[in-house]
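Keep in mind that this is a model prediction, so the values were computed, not measured. What's counted below: heavy atoms across the whole structure, side chains too, no hydrogens, waters or symmetry copies. Chain identifiers are assigned alphabetically (A, B, ...) following the order of the sequence lines, protein sequences preceding nucleic acid strands; residue numbering begins at 1 within each chain.
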Amino acid sequence: MDFWNIEFMRNTFLSALILGPSCALLGVFVTLRGMAFFSDALAHSALTGVALGFLLQELFGWGVDPMLIVLIFSILLATAMAYFFEKTTLRPDTIISFSYTGSVAFGVIVLSMLGQYRIINGILFGSIYANSAADLYKQLALATVILGFTIWKLRPYTLAILQPDLARIQGINTSRLNYLFALLIALTVSVTLKMAGALLLSALIITPAAAGKILARDFRGLLLLSPLLGLIAAGSGVLISYQLDSPTGPTIVLTNVAILLLCLISSRFRKAAN
Amino acid sequence: MTSHHNSPTELMPTLLTLRGLGVSYGNDQAVQGVDLSIHQGEIIGLIGPNGAGKSTLLKAILGLLPVSAGTIEFKKIPGPQEIGYVPQRLALDPTVPFSVLEFLSLNLPNQRAWLPRKNPPGLDLIRSQLAAVQAGHLIDRSLGSLSGGEFQRITIAYALLRSPRLLLLDEPTTGIDQQGSEILENLLRSLRNERGIAVLIVSHDLHLISDLSDRVCCLNRHMCAVGSPTEVMEEHFLHEIYGRQRLLTSARSLDLRKPLDTSLKSAIPKTRKPEL
């Protein structure tokens with residue numbers, strides 16, 4: 001395995017093994033709650049977070065970790081959208097659409113005014129070369145947080161998704177859980193950005209969970225299968241991109257989609273066989 | 001306001017007492033002046049037109065909505081005293097794989113961490129409650145594949161896991177065929193007879209309510225009349241409450257010739273106009 005001797009390839013492969021299953025596990029709940037578009041929008045507007053990082057650097061000379069700025073901006077945007085959901089009569093998808101397109105437009109303008117237009121490509125599609133050992137630790141921390149949240153809040157959150165009233169009568173604060181969950185998506189976006197890019201990263205969240213849903217017969221199966229498929233897709237995506245010399249983020253996404261299509265076809269055959 | 005005669009459960013201890021209960025959403029007074037007591041082992045039908053505040057009343061009893069006036073008193077009884085809630089439907093997309101066993105295991109008492117398992121610690125309890133609602137064979141089915149009637153029985157089994165003293169059912173017969181409705185009726189009777197569970201059931205199915213209920217509470221936002229099914233479900237009265245044409249012209253079991261009970265007449269405010 002040649003690529004194991006190349007540091008950034010090794011780091012990228014390890015990243016894929018950490019982020020693939022973590023994003024997929026998060027994705028189970030994102031898809032159950034119908035928040036795919038929400039997570040996609042948060043991912044896209046990570047571009048604005050990066051732009052704001054450059055702006056702070058330019059204006060005040062603050063060299064803040066872009067991941068942190070992306071995280072803070074994602075949280076602010078998620079909070080703003082939640083506020084609009086509550087206070088206006090506009091449909092959630094409408095609110096999400098104008099919130100993220102507006103913030104991306106703002107980000108692009110800021111980047112171009114700062115003369116950083118050329119880095120947009122890397123933000124949109126991810127750049128694996130920047131994957132350092134420190135990034136791996138952040139990704140491991142994210143994986144721990146997602147797994148911890150899942151185990152700690154699995155019962156209340158599942159109940160809140162199934163029937164919010166059944167959760168509330170047991171004293172479960174469903175709106176706080178929803179907010180915690182939106183924070184978790186924002187955190188995932190900021191940590192996964194480098195790997196898959198703003199345009200594509202939500203595929204890592206949504207696709208394996210969708211494939212898992214097709215194969216699984218119960219919730220237990222869904223919770224086990226989705227991270228497994230996410231792991232396989234991300235790991236093999238990195239290997240394929242090394243072999244084909246193709247961009248890593250998009251290759252992982254395509255591998256995910258290929259697995260999803262295979263699951264769809266196999267479920268067709270299974271139904272036909274029955 | 002309460003009027004009930006010779007109710008079989010009249011001598012049973014009172015479980016829940018609502019006194020002058022009011023619930024409002026901001027400035028909108030959704031429910032006002034509800035006086036109702038529910039005795040152990042009593043089945044009470046809650047009827048009223050759409051928007052009358054029936055579901056609001058259930059949610060207030062469950063503690064999901066703040067009370068703006070009056071009181072709700074749930075009698076403390078040693079042992080389990082939960083109120084079981086049977087919602088009309090789940091918010092979950094029916095194509096999501098979620099088994100009946102997994103759903104029920106969510107409500108097992110005394111569990112710290114929950115993981116969906118093939119063999120959860122309270123499996124015997126789940127099996128016995130499923131058997132009680134004649135749904136033992138559904139344990140491995142997915143929630144999305146259940147018929148309306150089967151789903152309703154599963155949600156009752158879910159509530160039974162916590163040994164409730166009172167079951168609240170929100171329009172359980174919506175979208176359920178006649179057979180399913182009869183199974184539900186027998187099931188609620190046997191829960192009352194065998195376990196002494198009281199039932200408060202919201203329904204638009206007036207036949208079901210008149211067959212099943214010991215007493216009926218008719219709610220219309222600013223008024224509440226309580227009495228035996230024959231008293232409350234008198235045609236003229238229902239006509240007045242629901243505002244329009246008859247509802248029980250094909251009544252199976254209602255005695256429509258009986259005049260409106262005087263005590264009930266006095267329960268209807270003279271100046272009220274039905275708000276529909």
Checklist outcome for this item: The interface call for A/Pro164 against chain B, heavy-atom contacts under 4.5 Å, is side chain
Checklist entry - Going by atom types only, do A/Asp40 and A/Ser202 share a side-chain donor-acceptor pair under 3.5 Å? => result yes
Item to check | Parallel, tilted or perpendicular, as decided by the 30° and 60° cut-offs, for the rings of A/His44 and A/Tyr100 | outcome: perpendicular
Next on the checklist: Between B/Thr95 and chain A, with a heavy-atom cut-off of 4.5 Å, which part of the residue counts as in contact: side chain, backbone, both or neither?
Outcome noted: both
Next on the checklist: Please identify, among A/Gln170, A/Arg33, A/Arg168, the residue contributing the most non-hydrogen atom pairs under 4.5 Å to chain B.
Outcome noted: A/Gln170
Checklist entry - Which answer fits B/Leu106, side chain, backbone, both or neither, if we ask what part of it has an atom under 4.5 Å from a heavy atom of chain A? => result both
Checklist entry - If you count heavy-atom pairs under 4.5 Å between each of A/Leu32, A/Thr31, A/Leu159, A/Leu166 and chain B, which one has the most? => result A/Leu166
Checklist entry - Side chain, backbone, both or neither: which part of A/Leu223 has a non-hydrogen atom closer than 4.5 Å to chain B? => result side chain
Checklist entry - Using a distance-only test with no angle check, is there a side-chain donor-acceptor pair under 3.5 angstrom linking B/Ser99 and B/Asp140? => result no
Checklist outcome for this item: Residues B/Ser181 and B/Leu208: closest non-hydrogen pair is OG-CD1, 3.9 Å
Checklist entry - So, B/Phe103 versus B/Phe98, ring centres under 6.0 angstrom or not? => result no
